[in-house]
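Notes for the one structure printed next.
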Amino acid sequence: DGNVTFGSGADIITETLGTDNVRLGEGAGDSITSGGNDNVTIGKNAGTALTTGDSNVAIGHEALAAQTTASYNTAVGNLAGQSNTSGVITAFGHDAGSKNTTGNYNLAVGQSALSDETGGSNNTAVGYSAALLQDGVNFTTAIGAFSLDAVTSGSSNTAVGESSGGLITTGSENTFLGRTAGGDTGLATRSQNTIIGRFTGHTSNLDITSADRNVVISDGSGYPVFNTFQHQETAATIDVAGGINSETYNTVSVANGATISLFDDGNNFSGIFVLNEIKRTGGVVLVITGGGALSFVAQNSGHFEANTS
């Protein structure tokens, strides 16, 4: 039937069960029966429980060792995909995807990548210990050593870069791009934040660890140059900028008759300032200074008019 086995005594044996299988190593593929075809099992106990599954590749000590009837799985490395029973997994590296049992369409590349995931699906982990601790989680993309390695139950997170999102635990739907991006412990349970650059979530001039749904773009050193941090405050006098060179706030709630100081100490504001919404009960006037110009934006019969001097 085209089967070739190299036994522990270096004998070459032509098997009668299954078709076109390759077995090399003690216990490798030794349970394959009629109907198990086109499998490659190399290494001690690689694919040892495989019976009727097709087109599997198991290379390494106990790679795909628990799999019986599942097909189209690839595991290369010591213990790679070791516990897989009915899932569909591609695993490269020592211990990569080793606890996957029923999870489908998972990719684990790198030592211990996605190693604790059992039943979650549609996950991609590339890098040493990437997505190490998650279990029962779907739609994770972790690329880079230690990326998203503390996630336990947070789903739909994307992190690219060494240690990016490395302290997220239960937060979901976050996107981090850059080395250590989103790596502050205060973001562990936060969701729907997007960080581009090395901003961790907390610096001396910006802290988003108390909020969700923020977008931050930072430079190579982690200094934020643009963000949409949500800031809500009600008081007699409100300092919106707080001395920060570049800020964006989604909502500012102002008390009746209040004064808003946009630029702290006068004309020292530079960069981008975006005020998306004004919550009001009466007329609103904005006085904006910067670059030597003075702009007045005033409400007039339901719309706003601007004058500059």
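Along the sequence shown, residues carry numbers from 1. Quick caveat, the model's predicted, so the values are computed rather than measured.
- Screening residues 137-188 for ring-ring contact (aromatic ring centres under 6.0 Å, His included), with sequence neighbours left out, gives Tyr128-Phe146.
- Among residues at least two apart or in separate chains, there is no ring-ring contact (aromatic ring centres under 6.0 Å, His included) pair with a member in residues 20-73.
- Tested against Asn56, the residues Asn73, Asn37, Thr41, Val40 include a single side chain to side chain contact (heavy atoms under 4.5 Å, CB included) partner, Asn73.
- No hydrogens or angles considered: nothing links the side chains of Asn138 and Ser155 as a donor-acceptor pair under 3.5 Å.
- With hydrogens and angles disregarded, no donor-acceptor distance shorter than 3.5 Å links the side chain of Asn100 to the backbone of Gly81.
- To the nearest 0.5 Å, atom OG1 of residue Thr102 and atom CD1 of residue Ile89 are 10.5 Å apart.
- Not a single donor-acceptor pair under 3.5 Å links the side chain of Arg190 to the backbone N or O of Gly171.
- To the nearest 0.5 Å, the span separating CG on Leu64 from CG on Asn39 amounts to 9.5 Å.
- Hydrophobic clustering keeps Leu187 apart from Val137 (ILVMFWY residues linked when any side-chain heavy atoms are closer than 4.5 Å, directly or through intermediates).
- For Thr200 (side chain) and Gly183 (main-chain N/O), no donor-acceptor pair under 3.5 Å exists by modelled atom type.
- Going from atom OG of Ser98 over to atom CD of Gln111 covers 10.5 Å, rounded to the nearest 0.5 Å.
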Tabulate below the donor-acceptor pairs under 3.5 Å that side-chain atoms of residues 44-52 make, not counting sequence neighbours, or state none.
unit_1	atom_1	unit_2	atom_2	d
Thr48	OG1	Gly27	O	3.0
Thr48	OG1	Asp30	OD1	3.1
Thr51	OG1	Thr68	O	3.1

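- Remark: the backbone N or O of Ser71 is not paired with any side-chain donor or acceptor of Ser55 at under 3.5 angstrom.
- Partner of Gln67 under the side chain to side chain donor-acceptor pair (under 3.5 Å) criterion, chosen from Asn84, Thr85, Thr101: Asn84.
- Using a distance-only test at 3.5 Å, with no hydrogens or angles considered, a donor-acceptor pair links the side chain of Ser121 to the main chain of Asn104.
- Using a distance-only test at 3.5 Å, with no hydrogens or angles considered, no donor-acceptor pair links the side chain of Arg213 to the main chain of Gln192.
- Separating the CG atom in Asn227 from the CZ atom in Phe199 is a distance of 7.5 Å, to the nearest 0.5 Å.
- In this structure, the side chains of His94 and Leu79 come closer than 4.5 Å at one or more pairs of heavy atoms.
- A donor atom on one side chain and an acceptor atom on the other are not found under 3.5 Å apart for Gln134 and Asn157.
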